[in-house]
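All residue numbers in this chain count up from 1 along the given sequence.
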Amino acid sequence: MLDTLETLVHDALAEAQSAGDLPEFEVGDLGFERPADSNNGDWSSTVAMRSAKLARRSPRAIAEAIVAHIPACELLDRVEVAGPGFMNFYLNAASANDVVRQIRTLGRDFGRSDFGAGQRVQVEFVSANPVGPMHIGHGRWTALGDSLCNVMEHAGYDVQREYYINDHGSQMDVFGSSISVRYLQLMELMDKGQDLDEARVTLLRDRVAFMLDGDDDSEEDAEPVDWDALPLEQRPSPDGHPYMDAFNEELGGNAYGGDYIIDLALHFAREGGNRWVALPSDERIAEFRESGYKLMLDSIRATCHEARCDFDTWFSERSLYVNDESGMDAVHRAFAKLEQMGHTYTTEDGALWFRSTTFGDDKDRVLVKSNGEYTYFASDVAYHWDKFQRVDHVIDIWGADHHGYIKRVDSACEALGYPGGLEVLLGQLVNLLRNGKPVRMSKRKGTMVTFDELLHEVGADATRYTLVSKSANQMIDFDIELAKRQDNTNPVYYVQYAHARICSILRRAAGVTPQEAEVTGMDAVASGVMGTDVDLGLLAHASELSLTRKLSEFPGLVEGCARDRAPFRLTHYAEELAGAFHAFYTQCQVLPSDGRPLDADLSRARLALCDAVRIVLGICLQLVGVSAPLQM
């Protein structure tokens, strides 16, 4: 449609210039856009304002000259010049409603385009350290990153999803040490006569007592707790917290102390009993570090899968330090590349520096410290160089607290020969609420609310939808109870209900049961009811035209979401489309009933409109990783 309108305007402009009504000049973008108010047409062009200086005429005079040379067109009802020089195009009912035919023909491919021209893009997101469970912030990056990948693929990009495993560095040793201390405490309690389950409860209760002892919440803010109503493991120990004190004393406070560490230690105790007690400490720590790392990574993979996000690549940071056939690892190859280009230098104390100030950073950055320790930045330089061997463009999704880290990584990419190739999206935090009140991060239990727990309580649909419903640079208030509601106050329910309602209408029209429809598929049910020869020109009611107008916005929406990295707009659009459908269904009879006859052709046209809404709602939900239920 837009291509046709642009051709009409280009040809009309050429005719006006040939006739001497306008001087010769060339224009590029014709400035077509959708007016916010449908009273101003279905499409509007600002080409007259854009070319006023070139033509040395008023925009309105230019617009009038162009419109005078637009020939009669079967798509158009009329073209009007408005205000200072807007050209407003009003489609006739048949052409305005042709989007219904397009949608039903293309199905799930509606809105798909080659906007991205096949550009190879890697999106790296989540990338949580494999030393603990995913928290709700990681959950937001999961929903945002995967939805962005979905919408970019729909817009014609060649997208790779990547998870960077931070499995190199001191945090891995801290992780192994934490498990080791808890394992030895379990063994100690067993020596005192407790079985493993009793020992686990002892350590958990000890930790609750420790967390309560360190809770600085004021008495008036603290909620009363009926300890007797809680499971035994969630109650504070009456003996204080000697095991938590010993844990902190052993590790000097540099430890991972969550309940999951106790459970990992329990896993090893069940698996091998006391066979690790006699091992030298460093061997025991290394064993628990590596085995615990694999267990946590498996858990993270499972949580991401539960959230409907499966990565194409899981990239291990450790692999950057593995020598290739030439005897050099990726980190040192990157150093050599930078040195060859004059972008590194070594100070008297032996530290290796990157000249990031050459590329606009506020100071140079250390790659290797004077004690020989590699910085996190060293890994990031090698990792991003590796990325650009595989793709054309890189998108990293980081937390907002990493804002100060962007320039140094971008500088490294530029130094390696990829200026402008790195794009970083920063995301804000998630405030977890329950009935409008902040949820304490389970201080009484001494643990955070994990993403996995949230998924199991709320469900993947409501969790994904809520976490992607706002721009990444806005904080999200995630109300657990609201997300669980089965009514129209819950946005995801509102959208899903519209989809399910349409499926119900189509089933009634076809005379099939939900079970039969599930076997044949809703596309087959819809085709059986309407066929292909539907008179869409009959759709002339204001609510019908409003609905077809909203449907026609979808292809442009997908391109905009991909271009601006803004998948959250899909949720807003889905809610608007669902609202437009509910308004239409309230005002327009779709099926005949006793005492309410309806013209058969009009009924079929309205059913086709319903079907088009079903398809587009389904695509919207699919792109943000949410299911489109057939019944509710």
Side-chain angles (χ1 to χ4, degrees), residues 125-147 163 197 200-201 204 207-208 211 223 225 229-235 256 258-264 266-267 292 294-311 429-469 476-487 489-493 495-497 571 621-622 624-629 632:
F125 55 105
V126 185
S127 299
N129 290 344
V131 293
M134 294 172 65
H135 57 62
I136 191 170
H138 298 137
R140 185 176 190 186
W141 313 147
T142 302
L144 170 64
D146 188 58
S147 298
Y163 188 114
D197 290 327
R200 172 182 178 271
V201 170
L204 289 173
R207 190 160 193 276
V208 174
M211 297 302 291
E223 299 175 2
V225 178
L230 293 176
L232 182 62
E233 65 188 46
Q234 295 181 22
R235 305 178 201 172
Y256 293 102
D259 292 353
Y260 71 94
I261 294 291
I262 297 173
D263 288 332
L264 283 170
L266 180 71
H267 169 84
K294 292 174 183 175
L295 288 171
M296 287 311 310
L297 192 58
D298 286 345
S299 174
I300 290 171
R301 287 181 195 269
T303 300
C304 289
H305 182 72
E306 181 72 17
R308 301 181 185 139
C309 174
D310 295 306
F311 289 89
L429 300 177
V430 180
N431 297 317
L432 200 60
L433 310 173
R434 194 180 291 274
N435 287 324
K437 296 182 178 179
V439 173
R440 298 185 186 281
M441 300 308 279
S442 299
K443 276 190 176 181
R444 305 294 189 200
K445 293 169 56 181
T447 61
M448 64 181 177
V449 176
T450 68
F451 184 43
D452 195 56
E453 290 171 334
L454 189 67
L455 284 168
H456 281 94
E457 179 173 358
V458 176
D461 282 344
T463 300
R464 284 271 312 226
Y465 191 95
T466 304
L467 291 176
V468 79
S469 63
I476 286 182
D477 289 333
F478 190 118
D479 195 307
I480 294 172
E481 296 305 320
L482 173 60
K484 290 174 7 182
R485 284 183 199 162
Q486 300 291 300
D487 60 40
T489 62
N490 181 356
V492 66
Y493 178 90
V495 174
Q496 288 181 314
Y497 177 71
T571 63
L621 291 170
Q622 179 184 25
V624 295
V626 176
S627 69
M632 291 176 70

**Report entry** Between CE on residue M134 and CG on residue N129, distance to nearest 0.5 Å
**Finding:** 12.0 Å
Query raised in the report: If every non-hydrogen atom of T466 is compared with every non-hydrogen atom of S469, which pair is closest and at what distance?
Result: O-OG, 2.7 Å
Report task. Report yes if some heavy atom in the side chain of F125 is under 4.5 Å from a heavy atom in the side chain of C309; otherwise report no. Result -> yes
Report task. Give a yes or no on whether the backbone of E481 and the side-chain of D479 come within a donor-acceptor separation of less than 3.5 Å. Result -> yes
Report task. With sequence neighbours left out, write down each residue that passes ring-ring contact (aromatic ring centres under 6.0 Å, His included) with Y163, or none if nothing qualifies. Result -> F311, W314
Query raised in the report: Within a reach of under 6.0 Å around NZ of K294, are more than 12 heavy atoms found that belong to other residues, nucleotides or ligands?
Result: no
Query raised in the report: Residues two or more places apart in sequence or in another chain: which of them pass side chain to side chain donor-acceptor pair (under 3.5 Å) with S127?
Result: E124
Report task. Could you tell me whether a side-chain N or O of N490 sits under 3.5 Å from a main-chain N or O of A483, the two making a donor and an acceptor? Result -> yes
Query raised in the report: Is R301 close to C304 at the side-chain level, that is, under 4.5 Å between some pair of heavy atoms?
Result: no
**Report entry** Point-to-point distance, once rounded to the nearest 0.5 Å, from CG of L232 to CD of Q234
**Finding:** 10.0 Å
Report task. Considering only NZ, NE, NH1 and NH2 on the basic side and carboxylate oxygens on the acidic side, decide whether R200 and D259 come within less than 4.0 Å. Result -> no
Query raised in the report: Short question: side chain of T463, backbone of A460 - any donor-acceptor pair under 3.5 Å?
Result: no
Query raised in the report: With distance as the sole test, does Y465 use its side chain to make a donor-acceptor pair with the main-chain N or O of T571 at under 3.5 Å?
Result: yes
Report summary line: One should read off an interatomic distance between D146 CG and D310 CG, to the nearest 0.5 angstrom, of 8.0 Å
Report task. Determine, step by step, whether T489 and D487 satisfy the side-chain hydrogen bond (donor to acceptor under 3.5 Å, both in side chains) criterion, reporting the C-alpha distance in whole Å, the side-chain angles of both residues, the deciding distance to 0.1 Å, and the verdict. Result -> CA-CA 6 Å; T489 62; D487 60 40; 2.3 Å; yes
**Report entry** Option among D477, L433, N431, L432 that satisfies the side chain to side chain contact (heavy atoms under 4.5 Å, CB included) test with P438
**Finding:** L433
Query raised in the report: For A143 and V468, which heavy atoms make the closest approach, and how far apart are they?
Result: O-CG2, 4.1 Å
Query raised in the report: OH/Y493 to CG/D461 distance, rounded to the nearest 0.5 angstrom?
Result: 13.0 Å
Query raised in the report: Any salt bridge between E457 and R434, counting N to O under 4.0 Å?
Result: yes
**Report entry** Flag side-chain contact, heavy atom, 4.5 Å: F451 against H138
**Finding:** no
Query raised in the report: Where the side chain of R464 meets the backbone of V624, is there a donor-acceptor pair that is under 3.5 Å apart?
Result: yes
Query raised in the report: Okay, side chain of S299, backbone of L295: is any donor-acceptor separation there less than 3.5 Å?
Result: no
**Report entry** Heavy-atom side-chain proximity of V492 to V626 below 4.5 angstrom
**Finding:** yes
Query raised in the report: Under 3.5 Å, side chain of R235 to main-chain N/O of L230, donor-acceptor pair present?
Result: yes
Report summary line: So CD1 of I136 and CG of D452: to nearest 0.5 Å the spacing works out to 12.5 Å
Query raised in the report: Is there a donor-acceptor pair under 3.5 Å between the side chain of Q496 and the backbone N or O of S627?
Result: yes
Query raised in the report: Would you say H267's side chain and D263's backbone share a donor-acceptor pair under 3.5 angstrom?
Result: no
Query raised in the report: Between T142 and E306, is any pair of side-chain heavy atoms under 4.5 Å apart?
Result: no
Query raised in the report: Any sub-3.5 Å donor-acceptor pair from E453's side-chain atoms to T450's backbone N or O?
Result: yes
Query raised in the report: Got a second to check how far L266's CG is from I261's CD1, nearest 0.5 Å?
Result: 12.5 Å
Requested in this report: Could you tell me whether the side chain of Y260 reaches within less than 4.5 Å of the side chain of M296, counting heavy atoms only?
Outcome: yes
